[in-house]
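What follows is a single structure, written as structure tokens, with notes after it.
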Amino acid sequence: MLQIENLRASIGGKEILRGVNLEVHAGEVHAVMGPNGSGKSTLAQVLAGRESYDVTGKVLYEGEDLLALSPEERAAAGVFLAFQYPVEIPGVGNLYFVRTALNSLRRQQGLDELDAIDFLSLAKERMRLVEMDESFMGRSVNEGFSGGEKKRNEIFQMAVLEPKLAILDETDSGLDIDALRVVAQGVNALRSEGRAMLVITHYQRLLDYIVPDVVHVFADGQIVRSGDKDLALELEQHGYADLEQRATLASAAAPVVGATS
Amino acid sequence: MTTTATTASPRGLAGLEPALNGHQPGWLGGIRRAGLEWVAEHGFPTLGDEDWKYTRVGPILDVPFQPAVGGMKHRLSASAIDGLAGDLGGTRLVFANGYFAPELSTLMALPEGTTVTSLASVLAGDAERLEPFLARPLSSQHHAFTALNAALAEDGAFIQIPPDATIAAPIHLVFVSDAGASPLVSSPRSVVHAGARSQATIVETHVGSGGVYLTNAVTEVILEDGAQVQHYKVQDEADTAFHLAALHVRPGRDSSFSTHALALGAAIARHEVWVKLEAAGAEVTLNGLYLPDGNQHHDNPTLIEHVAPRCTSRQLYKGVLGGHGRGVFNGHIVVGPDALGTDASQTNKNLLLSDTAEVDTRPRLEILTDDVRCTHGAAVGQLDEEAVFYLRSRGVPHQQARGVLTYAFAGEMLQLIGVGPLRSRVESKVAERLNREDTDRETFR
Ligand SMILES: Nc1ncnc2c1ncn2[C@@H]1O[C@H](COP(=O)(O)OP(=O)(O)OP(=O)(O)O)[C@@H](O)[C@H]1O
Ligand SMILES: [Mg+2]
């Protein structure tokens with residue numbers, strides 16, 4: 001479903017992704033862990049189509065060149081990013097926002113738009129799934145939401161939009177135990193043969209609820225190690241220090257074009 | 001001074017003279033003469049004038065305008081007015097090229113003692129009643145255009161509400177211009193006199209069916225003690241038109257006045273609001289939304305003079321500027337030495353949609369006493385790119401995402417409109433405007 005080859009991204013001359021290689025098949029859940037500032041969010045944003053980076057490399061999504069698509073086209077093709085820091089949008093009602101999004105997707109997919117009534121019943125059902133109070137629907141998007149409420153709102157949107165490839169960027173950060181369970185429930189409800197997920201997290205705890213098929217360790221703009229779910233446990237015990245050393249070794253060994261040192 | 005119909009002057013506005021047909025009370029003749037003399041003496045404003053710093057009137061002065069005259073033919077119907085200005089459900093007075101058009105107007109039952117009529121009809125029948133409103137000497141706040149209005153105005157709305165009366169439905173004043181082939185200037189003059197503790201809502205809509213014309217309007221609102229007046233002004237003139245307007249407000253003790261100005265149309269528009277707070281405890285709210293696009297110019301000067309103690313003034317103006325549009329907010333608050341306990345706030349926020357749009361925002365505060373609370377702030381920004389990306393990542397196309405966010409910025413002002421049918425009308429006008437911008441404006445990269 002997703003094939004990433006030697007993906008590099010830089011901003012203001014600073015290279016943040018330094019050759020990412022990753023393959024995700026339909027039906028799989030991949031977890032990405034790694035130290036602060038290692039580039040996990042950058043990877044997520046680049047996949048969603050953020051335009052502020054200079055990007056090179058190859059990303060195939062269902063066999064198509066993902067990097068050639070605009071963010072909205074990627075969304076229409078089924079890519080969804082749950083933001084690490086969901087954006088507050090004063091003056092735009094939450095429900096209106098999600099309905100506009102769903103209908104934009106449907107239009108791009110050649111489907112009829114949902115009318116207000118059909119949309120409302122769908123939205124209510126999905127709100128129940130993520131145990132979200134209806135009072136959040138009349139408020140402006142994320143405005144004044146607590147950290148955990150914002151994350152829950154991301155999962156609500158995901159549940160309405162039903163993406164094929166969901167990228168969750170630290171959706172578990174800042175969640176209390178109940179919220180964590182709810183978010184995991186939302187994610188697991190969406191898990192299916194035809195879908196894949198990339199779950200960025202700092203906590204092994206989330207992976208007790210969402211059991212990953214593969215765990216990757218991200219360091220210094222690259223995936224430095226991959227393994228099964230036990231790798232997450234190992235990280236919990238030993239931390240990243242040991243792995244970062246390997247990353248340095250790996251990049252020193254790799255022939256980097258234009259490198260002077 | 002001529003007493004027959006005026007001819008167009010090769011000197012444009014500067015050469016216009018009143019077209020009077022003989023019958024007018026002496027005091028009115030004096031006002032008209034004083035207006036013309038004022039223009040002759042002071043001339044038209046230039047960029048050197050503090051209050052006209054950002055608005056060039058040259059393009060207006062160059063046009064060989066003819067003054068509109070009463071009884072001119074127009075091609076309008078009541079249903080055309082519905083389309084242009086909307087039906088708000090209450091009394092509607094329509095003025096074609098500045099003159100009352102009874103055949104296009106709708107009069108509803110109003111509380112006893114209420115007068116809602118045309119200025120011309122009062123001048124013809126009971127002119128003395130107008131003298132206290134019109135016969136005030138030209139003040140320091142005059143400029144050539146208000147002076148010219150004093151000289152040329154023959155019609156407009158006259159609204160007088162008796163003490164304690166409440167008028168629930170909005171009174172809609174529609175000024176529609178239909179210029180035809182030659183440039184036309186209309187000079188409506190309206191007076192609203194709200195009796196003690198009375199309540200009313202007045203909506204002014206200025207529209208045009210095309211052609212080159214100038215609306216040079218003056219509206220005066222006098223509130224007696226405890227009166228409550230809500231005023232709305234929709235400037236939706238033809239894009240080829242010029243619109244210069246002055247709203248002068250004199251609030252009585254403990255009265256409350258609010259005005260919402262929406263600027264959509266005209267090539268050059270200037271809507272000034274001047275409030276003189278001479279009675280204690282009055283509250284005024286000035287709200288404004290201006291949306292210049294293309295090559296439009298929208299200027300919004302305000303002057304609030306706090307003379308009496310314990311008055312409150314609130315101002316919130318927002319601008320959305322696209323294309324080569326230019327906006328001005330020039331807000332001036334003066335708190336005099338006796339205005340103890342004044343509470344004044346002023347906020348101006350602007351959203352630039354293109355890198356060729358421009359805005360000048362200039363809040364000015366002059367405080368001549370202690371014991372006041374005054375705040376002011378101004379902001380100019382662009383769309384939040386984080387928010388644009390958030391919407392796009394959810395599937396909303398780029399231009400639509402920008403439109404949604406722009407509308408949200410303007411929406412705060414639209415929600416303040418208390419007249420339901422007016423709000424929905426204005427909401428769809430603004431949405432339509434912002435969508436149009438989506439397709440043809442230059443955008444930031
Ligand atoms: N606009 C920018 N200009 C300069 N540096 C940037 C910019 N955006 C991101 N970076 C840098 O890129 C690096 C990677 O950031 P990123 O947000 O991808 O890290 P992360 O792995 O998600 O970290 P965390 O675990 O803290 O969320 C950081 O060092 C960050 O400071
Ligand atoms: Mg991050």
Side-chain angles (χ1 to χ4, degrees), chain A residues 44-53 69-94 96-109 111 113 140-143 150 153-154 156-158 160-163 165-167 169, chain B residues 262 287 289 291 316-320 347 349-353 377 379-417 423-424 426-428 430-431 433-435 438-439 443-445:
Chain A
Q45 298 260 328
V46 165
L47 291 178
R50 188 73 189 229
E51 283 159 348
S52 30
Y53 302 94
L69 303 180
S70 67
E72 53 268 34
E73 287 166 340
R74 297 182 199 196
V79 177
F80 177 91
L81 168 63
F83 283 54
Q84 181 175 1
Y85 304 109
V87 183
E88 299 196 8
I89 312 183
V92 177
N94 209 25
Y96 168 81
F97 167 72
V98 182
R99 185 174 160 209
T100 304
L102 180 64
N103 281 334
S104 296
L105 292 184
R106 292 180 66 93
R107 249 197 328 276
Q108 291 182 72
Q109 292 158 352
L111 300 169
E113 297 187 15
S140 291
V141 178
N142 294 324
E143 194 186 26
K150 284 179 183 167
N153 198 26
E154 295 290 283
F156 163 67
Q157 292 172 41
M158 181 181 83
V160 171
L161 302 178
E162 300 183 311
L165 173 65
I167 304 161
D169 190 358
Chain B
L262 176 78
N287 293 326
L289 176 64
L291 308 159
L316 175 59
Y317 273 73
K318 277 189 162 187
V320 177
T347 306
K349 294 181 186 169
N350 297 284
L351 178 60
L352 294 174
L353 296 178
V380 180
Q382 297 161 19
L383 284 178
D384 176 3
E385 286 304 325
E386 289 277 328
V388 173
F389 178 62
Y390 191 60
L391 278 152
R392 295 181 74 188
S393 79
R394 297 296 182 255
V396 182
H398 194 180
Q399 294 304 340
Q400 194 188 345
R402 292 178 58 95
V404 166
L405 295 172
T406 307
Y407 189 84
F409 176 84
E412 182 189 356
M413 300 314 298
L414 305 178
Q415 276 157 26
L416 295 171
I417 299 176
R423 187 177 53 245
S424 20
V426 165
E427 280 172 348
S428 55
V430 171
R433 159 64 65 103
L434 298 179
N435 282 333
D438 280 346
T439 55
T443 55
F444 286 108
R445 281 304 311 160

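Keep in mind the model is a prediction, meaning the values are calculated, not measured. Letters go in sequence order (proteins before strands), and every chain restarts at 1.
At a threshold of 4.5 Å between non-hydrogen side-chain atoms, the residues A:Leu102 and A:Leu161 count as touching.
Ranked by heavy-atom pairs shorter than 4.5 Å toward chain B, the options A:Arg50, A:Arg74, A:Gln45, A:Gln157 are led by A:Arg50. Counting heavy-atom pairs under 4.5 Å between each of B:Ala401, B:Gly411, B:Ala387 and chain A puts B:Ala387 at the top. Of all the listed residues (A:Ala75, A:Gly91, A:Pro71, A:Ala48), the one sharing the greatest number of non-hydrogen pairs under 4.5 Å with chain B is A:Pro71.
Heavy atoms of B:Glu386 lying under 4.5 Å from chain A belong to its backbone as well as its side chain. Contact annotation for A:Val98: neither backbone nor side-chain heavy atoms come within less than 4.5 Å of a heavy atom of chain B. At a 4.5 Å heavy-atom cutoff, the contact between A:Tyr96 and chain B is made by side-chain atoms alone. For A:Pro90, the part sitting under 4.5 Å from any heavy atom of chain B is the backbone (N, CA, C, O) and nothing else.
Using modelled atom types, one side-chain atom of A:Gln109 and one backbone atom of A:Ala76 make a donor-acceptor pair closer than 3.5 Å. A side-chain donor-acceptor contact under 3.5 Å links B:Arg394 to the backbone of A:Leu81.
By the 30° and 60° cut-offs, the orientation of the rings of B:Phe389 relative to A:Phe83 is tilted.
Nearest heavy atom pair, residue A:Leu47 against residue A:Val79, reads O-CG1, 4.3 Å.
Note that the CZ atom of A:Arg107 and the CD atom of A:Glu113 stand 4.5 Å from one another [nearest 0.5 Å].
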